[in-house]
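Note that the coordinates shown come from a computational prediction; the quantities given were computed from them, not determined experimentally.
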Amino acid sequence: MSIRHGLLALLEPGPRYGSQLRTEFESRTGATWPLNVGQVYTTLNRLERDGMVVQNGEDEAGHALYVITDAGRDELRNWFRSPVDRTSPPRDELAIKLAMAVGAPGIDIRDVIQSQRHHTVQAMQDYTRLKAQATDVSPDNRDDVAWLLVLEQLIFQTEAEARWLDHCEARLVRLSLMAAEKEKRREKADGEERSADRRPPGDRPAPAPRAGLGRSKNR
C-alpha cells in the first residue's frame, strides 16, 4: 500500500494538515487500511525532504498545512499512469504459513487450510453484506464510490483466496495418493525379492549365460 502516493493525491485539491489527511484517507478507503497520525507525519516529512510537499502556513486552529509541489504532482501523475509492479510481489502471510507448514513436525497442513478457509469465507460474507448495504442507495460522493471499489476488490480477493485454498487441498490429496501408490509398489517389489530369496536353490531360475564365457566346440 502506497501511503506516500495516497497522501499526494489527497493534497492535490488543496492544503491539508496531518490528522485531516488521515481522516480523508480512511474515509476514501473505508478504513480498510487505518493510519495513525505518526505514520502520516513521518510520510509527510519524507515527502518534504524529497521536495514533493512543503509546509505553507497554518489554519485558524494552528495546524501546520502541507501543500503539494510541482515535483509532487509529477510523481503523482507517474504513479497513476504506471501499472502496479508485480515482479516483486508483497509477502503474503498465508502463502508463507502454508509453505512452512509443509513437512513441519506435528502440523497437519489440511487443518491449517480448513481453519483459514472458514475465516476467509466468513470475511467474504461480511464484505458481501457491506456491499449490499453500500449499494442500497446510489453513491452520492467520491468517497462512497472509492469505498465501493475497495470493497469489491476485497470480495474478489477473498473469493480468489478461497479457490486457492481448495486447490491446495486437492493438490495435497493427489500427492498423498501418489505417495501411497509409490509406497505400495515399493513394498510389493520388496516382498517379491524376499520371496525369491527364500526359494530352494533348485527352484530358483538359472542365471542367464554370460556372453563370451565358455569354450567353443570348434576350438
Gap between atom CD1 of Ile68 and atom CG of Leu7 - 0.5 Å precision | 10.0 Å
Are the charged groups of Asp92 and Lys97 less than 4.0 angstrom apart, N to O?
-> no
Counting only N and O atoms by type, is there a donor-acceptor contact under 3.5 Å from the side chain of Asn141 to the main-chain atoms of Asp143?
-> yes
Are His119 and Gln116 side-chain neighbours, meaning at least one heavy-atom pair lies under 4.5 Å?
-> yes
Walk me through it: do Leu11 and Val67 pass the test side-chain contact (heavy atoms from CB on, under 4.5 Å)?
-> CA-CA 6 Å; Leu11 283 170; Val67 177; over 6 Å; no
Taking atom CZ of Arg73 as the centre, does the number of heavy atoms from other residues, nucleotides or ligands within less than 6.0 Å exceed 12?
-> yes
Determine, step by step, whether Trp147 and Thr29 satisfy the side-chain contact (heavy atoms from CB on, under 4.5 Å) criterion, reporting the C-alpha distance in whole Å, the side-chain angles of both residues, the deciding distance to 0.1 Å, and the verdict.
-> CA-CA 5 Å; Trp147 165 230; Thr29 61; 5.9 Å; no
CG (Asp70) with more than 12 external heavy atoms under 6.0 Å | no
Does some side-chain heavy atom of Leu98 sit less than 4.5 Å from a side-chain heavy atom of Val102?
-> no
Within 6.0 Å of CD in Glu181, more than 12 heavy atoms from elsewhere | yes
Non-hydrogen atoms of Leu94 and Leu165 that approach each other most closely = CD2-CD2, 4.2 Å
Indicate if Leu130 and Met124 have the same hydrophobic cluster label, given that clusters are the connected sets of ILVMFWY residues with side-chain heavy-atom separations under 4.5 angstrom.
-> no
For Tyr17, which residues count as a side-chain contact (heavy atoms from CB on, under 4.5 Å) partner, sequence neighbours excluded?
-> Ser19, Gln20, Asp59, His63, Leu65
Arg117 side chain near Asp166 side chain, heavy-atom distance below 4.5 Å | yes
Given the options Arg110, Gln114, Arg174, Glu169 meets side-chain hydrogen bond (donor to acceptor under 3.5 Å, both in side chains) only with Gln114
Count the heavy atoms belonging to other residues, nucleotides or ligands that lie under 6.0 Å from CZ of Arg77, then report whether that count exceeds 12.
-> yes
Backbone N/O of Leu172 and side chain of Ser176: donor-acceptor pair under 3.5 Å = no
So CE of Met52 and CG of Asp74: to nearest 0.5 Å the spacing works out to 8.5 Å
Flag yes if more than 12 heavy atoms outside Arg171 fall under 6.0 Å of its CZ atom; otherwise flag no.
-> no
Derivation and outcome, side-chain contact (heavy atoms from CB on, under 4.5 Å), residues His167 and Arg163 = CA-CA 6 Å; His167 167 79; Arg163 290 196 301 271; over 6 Å; no
Would you name the heavy atoms of Gly18 and Val40 that are closest together and state the gap between them?
-> O-CG1, 3.5 Å
CG-CZ distance between Asn36 and Arg22, expressed to the nearest 0.5 angstrom | 8.0 Å
Without swapping roles, check the side chain of Thr158 against the backbone of Leu154 for a donor-acceptor pair under 3.5 Å.
-> yes
Under 3.5 Å, is there a donor-acceptor pair between the side chain of Glu26 and the main chain of Thr23?
-> no
Distance in Å, Gln157 CD paired with Tyr127 OH, rounded so as to fall on 0.5 Å steps = 7.5 Å
Contact summary for Ile113 and Cys168, nearest pair of heavy atoms | CD1-CB, 3.9 Å
Which atoms form the tightest heavy-atom contact between Ser2 and His5, and what is the distance?
-> OG-ND1, 2.5 Å
Separation between CG (Leu151) and OG1 (Thr32), nearest 0.5 Å, reads 7.5 Å
Which heavy atom of Arg4 sits nearest a heavy atom of Leu47, and at what distance?
-> CG-CD2, 3.5 Å
Keeping the roles fixed (side chain from Tyr66, backbone from Leu44), state whether a donor-acceptor pair exists under 3.5 Å.
-> no
Leu149 and Gln153, any side-chain heavy atoms less than 4.5 Å apart | no
What are the two closest non-hydrogen atoms of Gly51 and Ala71, and how far apart are they?
-> O-CB, 3.6 Å
Examine Ile109 and Ile96 and state if one hydrophobic cluster contains both, with Ile, Leu, Val, Met, Phe, Trp and Tyr joined whenever side-chain heavy atoms are less than 4.5 Å apart.
-> no
Steps toward side-chain contact (heavy atoms from CB on, under 4.5 Å) verdict (Phe25, Leu21) = CA-CA 6 Å; Phe25 184 94; Leu21 287 167; over 6 Å; no
Would Asp144 and Arg28 pass as an ion pair if we require N to O under 4.0 Å?
-> no
Heavy atoms of other groups near Arg91 CZ, more than 12 under 6.0 Å | no
Polar side-chain atom of Arg81 near backbone of Trp79 as donor-acceptor pair, under 3.5 Å = no
